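Contents: one structure, followed by commentary.
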Amino acid sequence: MSSARENTPAQNLLASLFFLAVGAAILFVGFKINNSPADCGGETMSAGDTCVSYSGSHQTGSNNLDEQKSENSTSANWAFVVGGLVILASACGSVAALRDMSGSFR
């Protein structure tokens, strides 16, 4: 015998709207990354600069300006994909919750 209770349609709608906002925030971060200049440690890079990454005392990598721009572009693209999928799933959840709500008032 299961004692788990199901969420109401209103709770489902609130959860969907919350995740819609999360998806929008992820998209916003993607646009910020995409529109910002390449930087290293918070400082804007220019031609000839090299950004060196460390983990502890070990060097883990280095990027020139073009490589750093490419990494930023890749990060922005991932944010667009993840944010878009979260928004799509949230919209589907919202539609389902609204359909359940309208059915419960009949």
Side-chain angles (χ1 to χ4, degrees):
M1 179 175 201
S2 175
S3 63
R5 78 174 176 87
E6 291 187 27
N7 290 338
T8 65
Q11 290 171 322
N12 290 339
L13 180 61
L14 285 175
S16 293
L17 293 175
F18 170 78
F19 283 106
L20 186 71
V22 169
I26 294 170
L27 282 180
F28 177 76
V29 168
F31 282 111
K32 286 288 278 185
I33 292 170
N34 202 37
N35 293 326
S36 65
D39 71 328
C40 181
E43 295 188 28
T44 301
M45 293 179 68
S46 57
D49 288 348
T50 301
C51 184
V52 180
S53 303
Y54 289 93
S55 177
S57 60
H58 301 289
Q59 181 177 338
T60 58
S62 63
N63 292 335
N64 63 28
L65 178 62
D66 290 333
E67 292 167 336
Q68 195 67 27
K69 283 181 181 178
S70 177
E71 278 194 17
N72 287 357
S73 178
T74 300
S75 297
N77 289 339
W78 275 109
F80 294 146
V81 168
V82 171
L85 289 173
V86 170
I87 288 173
L88 179 64
S90 298
C92 291
S94 295
V95 168
L98 289 170
R99 187 182 61 238
D100 291 345
M101 289 174 75
S102 68
S104 64
F105 293 120
R106 290 182 185 169

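Atom set for the values below is all heavy atoms of this structure, side chains included, hydrogens, waters and symmetry mates excluded. Owing to the predicted nature of the structure, the values given are computational and were not obtained by experimental measurement. One-based numbering along the sequence shown.
Put simply, OG on S94 and CG on L14 are 9.5 Å apart, with the number rounded to the nearest 0.5 Å. Atom OG of residue S62 and atom CD of residue E67 lie 7.0 Å apart, to the nearest 0.5 angstrom. Rounded to the nearest 0.5 angstrom, T50 OG1 and N63 CG are separated by 9.0 Å. Annotation: the span from L65 atom CG to C51 atom SG amounts to 10.5 Å, rounded to 0.5 Å. Here E6 contributes atom CD and Q11 contributes atom CD; the two are 11.0 Å apart, rounded to the nearest 0.5 Å.
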Item checked: Steps toward side chain to side chain contact (heavy atoms under 4.5 Å, CB included) verdict (L17, S90) -> CA-CA 7 Å; L17 293 175; S90 298; over 6 Å; no
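Hydrophobic clustering of Ile, Leu, Val, Met, Phe, Trp and Tyr side chains at less than 4.5 Å, counting indirect connections, keeps V95 apart from M101.
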Identify every side-chain donor-acceptor pair in residues 73-82 under 3.5 Å, counting partners at least two apart or on other chains, and give the distances.
residue, atom, partner, partner atom, Å
T74, OG1, S70, O, 3.0
S75, OG, E71, O, 3.1
N77, ND2, S73, O, 3.4

Could you list the donor-acceptor pairs under 3.5 angstrom formed by side chains in residues 22-45, with sequence neighbours left out?
residue, atom, partner, partner atom, Å
N35, ND2, F31, O, 3.1
S36, OG, K32, O, 3.3
S36, OG, I33, O, 3.1

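The shortest side-chain heavy-atom distance between N64 and D49 does not fall under the 4.5 Å cut-off.
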